[in-house]
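Written out below as structure tokens is the structure these notes cover.
Model, not experiment: these values are computed from the prediction.
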There are 2 protein chains.
Amino acid sequence: MTGLASSIERRNGVSLWRQIADRILQGIASGDFAENAALPPEVALAERYGVNRHTVRSAIAALVQEGVLRAEQGRGTFVLSRKRLSYPIGARTRFSTGLQGQTSERHIALLSSSTEPAGRRIAEALGIAKGAAVIRLETRGEADGHAVSRATTWFDAKRFAGIEAAMAETGSITASLKRFGINDYLRHSTVLSARHADADDLAALDLQPGAIVLVTVAVNVTLDGEPIQFAESRFPAERVELKLSAGD
Amino acid sequence: MTGLASSIERRNGVSLWRQIADRILQGIASGDFAENAALPPEVALAERYGVNRHTVRSAIAALVQEGVLRAEQGRGTFVLSRKRLSYPIGARTRFSTGLQGQTSERHIALLSSSTEPAGRRIAEALGIAKGAAVIRLETRGEADGHAVSRATTWFDAKRFAGIEAAMAETGSITASLKRFGINDYLRHSTVLSARHADADDLAALDLQPGAIVLVTVAVNVTLDGEPIQFAESRFPAERVELKLSAGD
DNA sequence: GAAATTTGTCTATTGATATAGACAACTATA
DNA sequence: TATAGTTGTCTATATCAATAGACAAATTTC
């Protein structure tokens with residue numbers, strides 16, 4: 001994020017226009033390109049990145065379609081104000097309260113739910129037998145009408161029968177767990193990684209293909225240490241950053 | 001990470017062979033493809049991902065060059081054992097101790113150092129005046145001879161004059177800070193993001209172009225809360241995951 | 001030894017990516 | 001109004017990416 005000099009790589013599997021679109025996004029995030037101001041003209045950008053003007057235009061076209069830039073013939077190309085959400089992550093992470101102050105409206109939409117046998121990883125995380133029934137929820141986190149996260153969560157089907165209905169109704173994990181007598185819970189562990197978004201995430205998060213997602217894999221436990229939830233969440237790296245606070 | 005069904009996207013700016021290489025890496029990390037065992041044959045992979053066999057071959061060729069796979073004519077393609085390092089991150093994150101047990105040898109190599117005026121962000125983080133002199137260190141974290149991180153760190157030049165020499169000698173931030181009377185420090189805040197690796201990171205981390213890096217921006221403080229270090233670290237997403245432990 | 005399986009190499013074709021140049025359309029400013 | 005600066009459109013060309021098919025080379029299995 002710190003405007004270090006770096007150039008563009010060719011024949012990598014990643015097209016130049018996408019690399020340049022990434023760089024422009026970084027530039028906006030790092031303050032190199034101010035919001036609500038004009039981007040340098042296309043010829044200047046082309047020279048700066050060492051590519052043809054048409055290649056820069058492809059990158060800009062992608063970002064215009066993505067809603068990050070607005071191009072006006074004769075005037076210039078402008079940076080729309082769309083701040084990166086800062087998503088706090090720690091022992092007491094909650095979707096809704098975490099984004100307080102940054103957005104006016106947020107909730108979790110239930111995309112689908114199913115019951116399936118637990119795989120090895122999920123069984124271990126939840127402390128149940130491999131093959132035991134688990135409920136799988138596919139959800140999307142929304143803030144001010146924008147998709148900011150996409151998650152897959154698993155619950156022990158025996159312990160949390162019907163939680164999908166509670167989720168659909170309340171739009172909140174915390175509220176749904178209350179119906180099962182859980183008034184508080186902690187994040188036990190979180191593992192972080194990153195990858196290219198797959199087709200499912202692209203559609204659900206309204207991303208351009210090739211976008212990067214931050215991935216968190218987390219286990220939530222009760223205050224007694226009983227595991228209740230296993231979740232994999234994906235965040236669009238271009239719109240969200242994760243913030244760890246000390247002592248959390 | 002959780003073997004969810006997902007397909008490949010076309011005309012995205014990211015070539016199919018790179019997307020498939022990413023998927024194979026994920027498959028190895030998630031256990032879909034066992035280490036030291038044979039990958040499914042090329043025709044099977046082509047069918048699974050819905051692409052031509054030659055496209056799969058391009059992906060495999062990239063991973064072979066990257067040292068992840070080994071192809072043997074007539075026998076098959078094998079997964080070399082190269083586990084993803086799990087890098088713990090929390091209030092007491094230390095490079096060396098964090099990787100204890102996962103690697104036998106680790107240290108930080110000093111690539112270069114310079115003195116420069118502090119920018120706005122760095123000045124704010126370190127609590128000094130904008131434009132005041134700061135020492136910038138470019139370092140590479142190495143474990144068992146493999147590059148696992150690439151960092152840029154800034155120190156107040158007045159307070160830590162000569163720290164570059166200490167770093168070059170000791171290969172450790174913790175040891176270097178001890179020479180300045182700092183026996184303990186905490187990670188005050190960490191912000192996480194992800195992006196495509198730039199040319200500098202590609203070279204320093206020995207990555208294939210197009211690779212993704214996890215980025216952490218952190219401020220370290222003394223036990224009194226005095227900020228001492230501002231750092232941006234990059235981790236290759238294909239080789240490292242970040243692990244947050246509760247109560248850290 | 002023969003057959004089946006698997007990776008390696010070659011040719012050919014199509015569409016996407018990137019470069020190059022020229023000019024039109026629009027805006028702001030002298 | 002004229003001029004300079006900027007985005008938009010068009011044509012052309014070369015290279016990369018992806019598909020398709022055929023066959024060679026090496027290994028394992030029967």
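Closest non-hydrogen pair, B:E164 versus B:L110, comes out as O-CD2, 3.4 Å. Taking each heavy atom of B:K130 and B:G119 in turn, the nearest pair found is CG-C, 4.4 Å. Closest non-hydrogen pair, B:F33 versus B:I24, comes out as CD1-O, 3.9 Å.
A straight line from CD of B:Q73 to C1' of C:dT7 spans 5 Å, rounded to a whole angstrom. Distance A:W17 CH2 to C:dA16 P: 12 Å, rounded to the nearest Å. Atom-to-atom, CG of A:L69 to P of D:dG8 comes out at 11 Å; the value is rounded to the nearest Å. Atom CZ of A:R70 and atom P of D:dT7 are 13 Å apart (whole Å). Separating the CD atom of B:Q19 from the P atom of D:dA17 is a distance of 13 Å, rounded to the nearest angstrom. Between the C1' atom of C:dT6 and the CG atom of B:L39 lies a distance of 13 Å, rounded to the nearest Å. Separating the CZ atom of A:R18 from the C1' atom of D:dC16 is a distance of 18 Å, rounded to the nearest angstrom.
Side chain of B:R239 to main chain of B:A147: a donor-acceptor pair is present (N/O by atom type, distance under 3.5 Å, no hydrogens or angles).
Closest to the side chain of B:L16, out of D:dT19, C:dA28, D:dA26, is D:dT19. When each of C:dT17, C:dG8, C:dA20 is scored by its nearest atom to the side-chain atoms of A:N52, the top-ranked nucleotide is C:dA20. For A:E42, the listed nucleotide lying nearest its side chain is D:dG8; candidates were D:dG8, C:dT6, D:dA26.
Below the 3.5 angstrom threshold, one finds a donor paired with an acceptor across the side chain of B:H54 and the base of D:dG21. Donor-acceptor pairing under 3.5 Å, judged by distance alone, is present between the side chain of A:R53 and the base of D:dG8.
Taking for each of B:R57 and A:G74 the nucleotide of DNA chain C with the nearest heavy atom, the 5'-most of the two is the partner of B:R57.
A 4.5 Å side-chain heavy-atom check between B:H54 and B:E42 finds every atom pair outside the cut-off.
Close to C:dA16, at under 4.0 Å from its OP1 or OP2, lies no side-chain N or O of A:S15. Contact check, B:S58 against D:dA18: no side-chain N or O comes under 4.0 Å of OP1 or OP2.
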